[in-house]
Amino acid sequence: MFDFEKLKIYTHAKRFNSHVRIVLNQTKLDYSTRDQLSRASLSVVCNTAEGTGRFSKPDKRHFVVMAKSSAFECVAILDVLRDEKLISGKQYESLYA
């Protein structure tokens, strides 16, 4: 087992990515929005994992910052989708949590 697999944040990131993919499969979105949300949610998972393999604190911090930035990007996209009524308030709240 790799160190990152033991992290709660990694487990949460994987669950979030899985939920995003479910929403993407149920929702009609334009290609660029779909692609951006898909890549950003996967980036949270990947950067969390990649950061644990780094040895210096600044290097690890860089990947944590990237994962956090991708999570913020997802929230912004989901907020726009909710405003445009492309996802329900319930879907937004579930993913936001």
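For this chain, numbers begin at 1 and follow the sequence in order.
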- Examine Leu7 and Val45 and state if one hydrophobic cluster contains both, with Ile, Leu, Val, Met, Phe, Trp and Tyr joined whenever side-chain heavy atoms are less than 4.5 Å apart. yes
- Message: What I'd like to find out is whether the side chain of His62 reaches to under 4.5 Å of the side chain of Arg54, using heavy atoms alone.
- Response: no
- Message: Please tell me whether Leu42 and Phe63 are part of a single hydrophobic cluster in this structure, the criterion being side-chain heavy atoms less than 4.5 Å apart.
- Response: no
- Task: Any chance you could measure Tyr31, atom OH, to Ser38, atom OG, to the nearest 0.5 Å?
- Result: 9.0 Å
- Test log, rule side chain to side chain contact (heavy atoms under 4.5 Å, CB included), inputs Gln26 and Gln91: CA-CA 11 Å; Gln26 296 173 346; Gln91 286 174 309; 3.8 Å; yes
- Message: Keeping Asn17 on the side-chain end and Ala13 on the backbone end, is there a donor-acceptor pair under 3.5 Å?
- Response: no
- Query: Are Leu86 and Leu37 connected in a single hydrophobic cluster, I mean Ile/Leu/Val/Met/Phe/Trp/Tyr linked by side-chain heavy atoms less than 4.5 Å apart?
  - Reply: yes
- What distance do Leu78 atom CG and Tyr92 atom OH have between them, rounded to the nearest 0.5 Å? 7.0 Å
- Message: Checking the side chain of Ser69 only, and the main-chain atoms of Val65 only, is there a donor and an acceptor separated by less than 3.5 Å?
- Response: yes
- Does Lys60 NZ have over 12 foreign heavy atoms under 6.0 Å away? yes
- Gap separating the OG1 atom of Thr27 from the CG atom of Leu81, nearest 0.5 angstrom: 8.0 Å
- Note on the structure: d(Lys6 NZ, Thr11 OG1) to nearest 0.5 Å is 12.5 Å
- Note on the structure: Closest non-hydrogen contact found for Ser41 with Cys74 is N-SG, 3.4 Å
- Gap separating the CZ atom of Arg34 from the CZ atom of Arg39, nearest 0.5 angstrom: 13.5 Å
- Message: Could you work out, with ring-ring contact (aromatic ring centres under 6.0 Å, His included) as the rule, every residue matching Phe55, not counting sequence neighbours?
- Response: none
- Message: Measuring only between side-chain heavy atoms, which start at C-beta, is Arg82 closer than 4.5 Å to Glu93?
- Response: yes
- Item | Spacing of Leu95 atom CG and Ile77 atom CD1 [to the nearest 0.5 Å] | 12.0 Å
- Item | same_hphob_cluster(Phe16, Leu29) at 4.5 Å side-chain heavy-atom cutoff | yes
- Kindly work out whether a path of hydrophobic side-chain contacts (I/L/V/M/F/W/Y, heavy atoms less than 4.5 Å apart) joins Val75 to Val20. yes
- Test side-chain contact (heavy atoms from CB on, under 4.5 Å) applied to Tyr10 and Thr52, Asp3, Thr48, Val44, the passing residue: Thr48
- Message: If you define the side chain from C-beta out and look only at heavy atoms, does anything of Lys68 sit under 4.5 Å from Phe72?
- Response: yes
